[in-house]
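As a basis for the values below, the full set of heavy atoms in this structure was taken, side chains included, without hydrogen atoms, waters or symmetry mates.
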Amino acid sequence: MDPRVPRSSRPQSNAGTAIALFGLLLISGAILGLMSLVLPQVAGVLLVILLVFVLPMALHYLAWGWWMSQMKDSEEERDERIED
């Protein structure tokens, strides 16, 4: 990296944040899993967390994050073909 280029104009990577978040979620899931082994009542709470938070978030990611971005990319390709 050129030290003369201002920091604000350098490309930023969010890989470190994503890895830290994934690790935090993994550790939290492991702790909740161990708690459910010790306290069977926690299994009900885990089921509610799964059905209320995790499943809708996964469906939202698939519908809006992945599927819609694929549609946007195909629209851009179609527009480029029309312009040519």
Side-chain angles (χ1 to χ4, degrees):
M1 291 245 153
D2 188 6
R4 294 174 290 179
V5 176
R7 185 177 293 254
S8 60
S9 65
R10 293 181 189 166
Q12 295 180 351
S13 174
N14 292 330
T17 303
I19 291 170
L21 181 60
F22 180 72
L24 181 64
L25 290 173
L26 190 65
I27 291 170
S28 300
I31 290 172
L32 284 173
L34 290 173
M35 283 177 53
S36 69
L37 291 174
V38 175
L39 302 169
Q41 300 88 350
V42 176
V45 174
L46 291 177
L47 183 63
V48 169
I49 289 172
L50 180 70
L51 292 176
V52 173
F53 295 108
V54 176
L55 187 62
M57 285 173 48
L59 291 174
H60 182 271
Y61 171 76
L62 287 174
W64 293 100
W66 181 74
W67 181 58
M68 296 294 270
S69 69
Q70 297 293 328
M71 289 179 62
K72 180 182 171 192
D73 291 342
S74 65
E75 287 177 5
E76 290 175 356
E77 290 173 0
R78 184 186 70 220
D79 291 343
E80 288 176 1
R81 279 183 276 163
I82 291 172
E83 290 175 358
D84 290 339

Problem - Partners meeting side-chain contact (heavy atoms from CB on, under 4.5 Å) with Leu55 (sequence neighbours left out) - result: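 In terms of side-chain contact (heavy atoms from CB on, under 4.5 Å), with neighbours along the sequence ignored, Leu55 is linked to Leu51, Leu59.
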
Problem - In one Ile/Leu/Val/Met/Phe/Trp/Tyr side-chain cluster, 4.5 Å: Phe53, Leu47 - result: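 No, Phe53 does not connect to Leu47 through the hydrophobic network.
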
Can you give the donor-acceptor pairs under 3.5 Å from side chains of residues 25-38 to other protein atoms, not counting sequence neighbours?
residue, atom, partner, partner atom, Å
Ser28, OG, Leu24, O, 2.8
Ser36, OG, Gly33, O, 2.7

Handout entry: Cluster companions of Met57 among Ile, Leu, Val, Met, Phe, Trp, Tyr (side-chain spacing under 4.5 Å)
Key =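 None; Met57 is a cluster of one.
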
